[in-house]
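Below you'll find the structure, written out as structure tokens, and then a few comments.
The first residue in the sequence is number 1, and the count goes up from there. Quick note: numbers below take in every heavy atom, side chains included, and nothing from hydrogens, waters or symmetry partners. For ligands, and for the atoms within them, numbers begin at 1 and follow the listed sequence.
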Amino acid sequence: MKIEVLEPHGMCAGVNAAIAKALKLKDVWCLHELVHNEIVIDELKDLGFKFVERIEDVPEGKTVVFSAHGVSPAVREIAKARNLKVVDTTCPFVAKVHEAAKAFAEKGLPVVILGDPKHVEVQGIAGELGVENRCRCREGGKVGVVSQTTMNADEVAKQVAELRKTYDVETMAEVCHATKERQDAVKKFCSACLSSSVSSPFGLLVLGSQTSSNSKRLKEVAEQGGAKAFMAGSMEELKEIDFSGVERLGVTSGASTPERFLMEAVKFLRNVPEHVAMIMDGNGRWATQRGKRRSEGHKAGAKTLGDVLNWCGERGIRYLTVYAFSTENWKRPKDEVEGLMALFARMLKAKEKDFMKNRVRFRMIGRRGDLSSSLLKTIEALEGKTAHFERQFIVAISYGGRAEIVDAMNAAIRKGEPITEETFRNYLYAPDVPDPDLVIRTSGELRTSNFLLWETAYSEYYFTDVLWPDFSEAELDKALAAYAQRHRRKGGV
Ligand code: FPP
């Protein structure tokens with residue numbers, strides 16, 4: 001299934017501003033959900049925010065937040081009478097609709113509000129109107145029309161046209177810019193799918209809560225555009241969805257959906273491995289084929305490795321482990337070994353700025369005692385400086401899978417601890433790192449060469465003939481696409 005993230009998607013400026021404003025406060029009550037998204041609301045609850053449905057339920061003198069959807073003048077009056085400190089996060093576009101409804105009312109016009117009468121935004125707008133504006137409209141008479149800001153834009157236009165058949169309509173009915181833009185992106189995606197020369201069954205996934213009107217409208221627009229439409233408010237809901245039959249899937253999110261949910265969802269849908277390990281083989285052959293010295297091959301390989309680290313980051317891969325020097329590589333000619341050690345030191349020093357900027361944690365696995373004290377100092381300084389970052393780049397130097405197992409066994413024996421598979425893991429070089437999901441080996445060799453023997457028990461392998469210095473972004477994507485097709489049963493059925 002091909003995944004396409006639609007632009008624009010996700011949180012609008014109004015919602016962002018409302019959350020930012022609320023986060024500055026402590027000991028607060030929110031009248032209604034601040035925004036219609038369960039992930040955001042759960043996090044605010046964890047921070048101690050309290051939510052009430054009636055203004056009367058906010059204790060006197062306390063701080064109350066009015067949500068992005070706005071409130072009626074009556075609510076403002078009660079807040080004043082109860083001596084509440086009001087923090088108003090009403091979206092400016094909603095405030096404009098209140099003003100328009102009030103202006104129509106002041107002109108004595110009956111006012112039609114297009115929207116869901118149960119939605120708090122519509123209730124707030126209705127509160128601007130006196131009884132005389134709520135009476136039945138006279139056929140042929142003048143009416144003022146406003147709408148909820150998160151309606152289906154085409155539906156609003158249709159309803160206004162319908163009203164024009166009977167009344168003299170003065171209208172300010174339009175959905176907000178963010179709602180319209182997101183709906184337009186869905187329409188564009190659907191027409192692109194329909195007009196594509198390779199017609200494949202397509203779908204549209206909306207990430208947003210069931211309480212979010214604009215998210216539900218996106219689903220509706222997708223269905224009107226001919227897509228099989230899906231909606232998920234959380235990762236749990238997403239994992240329940242059956243996408244079978246869909247070959248092209250557009251992904252969008254509602255105006256109150258956090259971006260990190262979209263990122264997690266896309267990662268899940270694309271089946272991106274969490275941990276990729278690489279056997280960077282073929283530097284020597286690459287150099288020989290070009291009449292160059294082997295050291296030139298390693299230099300070119302180091303440059304490729306810098307690019308690969310960035311590509312993996314862009315694809316949401318959390319751990320990248322590379323096999324840079326094995327316990328067996330010490331047998332190589334002295335000048336090659338020394339050249340490699342010098343290259344490691346140079347590269348790590350040169351990359352420090354990038355690691356800090358891109359928030360990458362650097363770690364080494366292998367027999368530290370085999371390294372020169374100056375290289376080890378460079379390595380450990382970098383490990384210390386980057387220790388707090390989440391994304392990890394792990395380099396295996398003087399590493400052997402058998403050596404790691406032996407070292408782990410000896411450490412366990414020293415401790416006198418009985419060994420199980422679980423306790424054994426604690427003695428590995430990087431016990432907290434999850435096992436690799438995917439191992440990529442370049443240069444056409446079809447073996448594991450003593451790399452991560454314990455950790456790769458259930459890893460998927462991808463072999464390519466490409467020599468490591470030529471390993472490209474396209475080749476990485478080929479490996480990830482192959483991985484995405486694998487069924488990892490891990491001994492199950
Ligand atoms: C295997 O190719 C490659 C190595 C033993 C060295 C890999 C090292 C780098 C790419 C530099 C990485 C730098 C850091 C800081 C980790 P080979 O020499 O065995 O190639 P061949 O099989 O064609 O001879």
Sequence neighbours excluded, which residues qualify as ring pair (Phe, Tyr, Trp, His ring centres under 6.0 Å) partners of W468? F471
Is it true that the side chains of T304 and D307 contain a donor and an acceptor less than 3.5 Å apart? no
Which of the atoms of ligand 1 are close to A324, meaning less than 4.0 Å from one of its heavy atoms? 4 (C), 5 (C), 6 (C), 7 (C), 8 (C), 16 (C)
Using the side chain to side chain donor-acceptor pair (under 3.5 Å) criterion, which residues pair with S443? Sequence neighbours excluded. D281, R285
Any N or O on W286 sitting closer than 3.5 Å to an N or O of ligand 1? no
heavy-atom search around atom 3 (C) of ligand 1 in the protein gives M280 O, 3.2 Å
Determine whether the side chain, the backbone, both or neither of M347 has a heavy atom under 4.0 Å from any heavy atom of ligand 1. side chain
Cationic N near anionic O, under 4.0 Å, D432 to R363: yes
Using a 4.0 Å heavy-atom cut-off, say whether R294 meets ligand 1 through its side chain, its backbone, both or neither. side chain
Salt bridge or not between R318 and E390? Use side-chain N to carboxylate O under 4.0 Å. yes
May I ask you to check if ligand 1 and F344 share an N or O to N or O distance below 3.5 Å? no
Non-hydrogen atoms of S443 versus ligand 1: any pair closer than 4.0 Å? no
Does V395 reach ligand 1 with a nitrogen or oxygen that is under 3.5 Å from one of the ligand's nitrogen or oxygen atoms? no
When you look for heavy atoms under 4.0 Å from ligand 1, do you find them on the side chain of K351, its backbone, both, or neither? neither
Where does L305 meet ligand 1, judged by heavy-atom distances below 4.0 Å: at the side chain, the backbone, both, or neither? side chain
What class does the angle between the rings of F393 and F355 fall in, given that below 30° is parallel, 30 to 60° is tilted and above 60° is perpendicular? tilted
Flag the pair E475 and K478 as a salt bridge only when some basic side-chain nitrogen lies within less than 4.0 angstrom of an acidic carboxylate oxygen. yes
When the ring centroid of Y483 is compared with that of Y462, is the distance short of 6.0 Å? no
If you count the atoms of ligand 1 from 1 in the order shown, which ones are under 4.0 Å from a heavy atom of G284? 17 (P), 18 (O), 20 (O), 21 (P), 23 (O), 24 (O)
Pairing of K216 and E220 as salt bridge, 4.0 angstrom limit: no
Using a plain distance cutoff, I'd like to know if D281 has any nitrogen or oxygen under 3.5 Å from a nitrogen or oxygen of ligand 1. yes
Does R332 reach ligand 1, in the sense of a heavy atom lying below 4.0 Å from it? yes
E121 and T149: side chain donor to acceptor below 3.5 Å: yes
Could you say whether the N/O atoms of N329 and ligand 1 ever approach to under 3.5 Å? no
Decide whether an N or O pair under 3.5 Å exists between R285 and ligand 1. yes
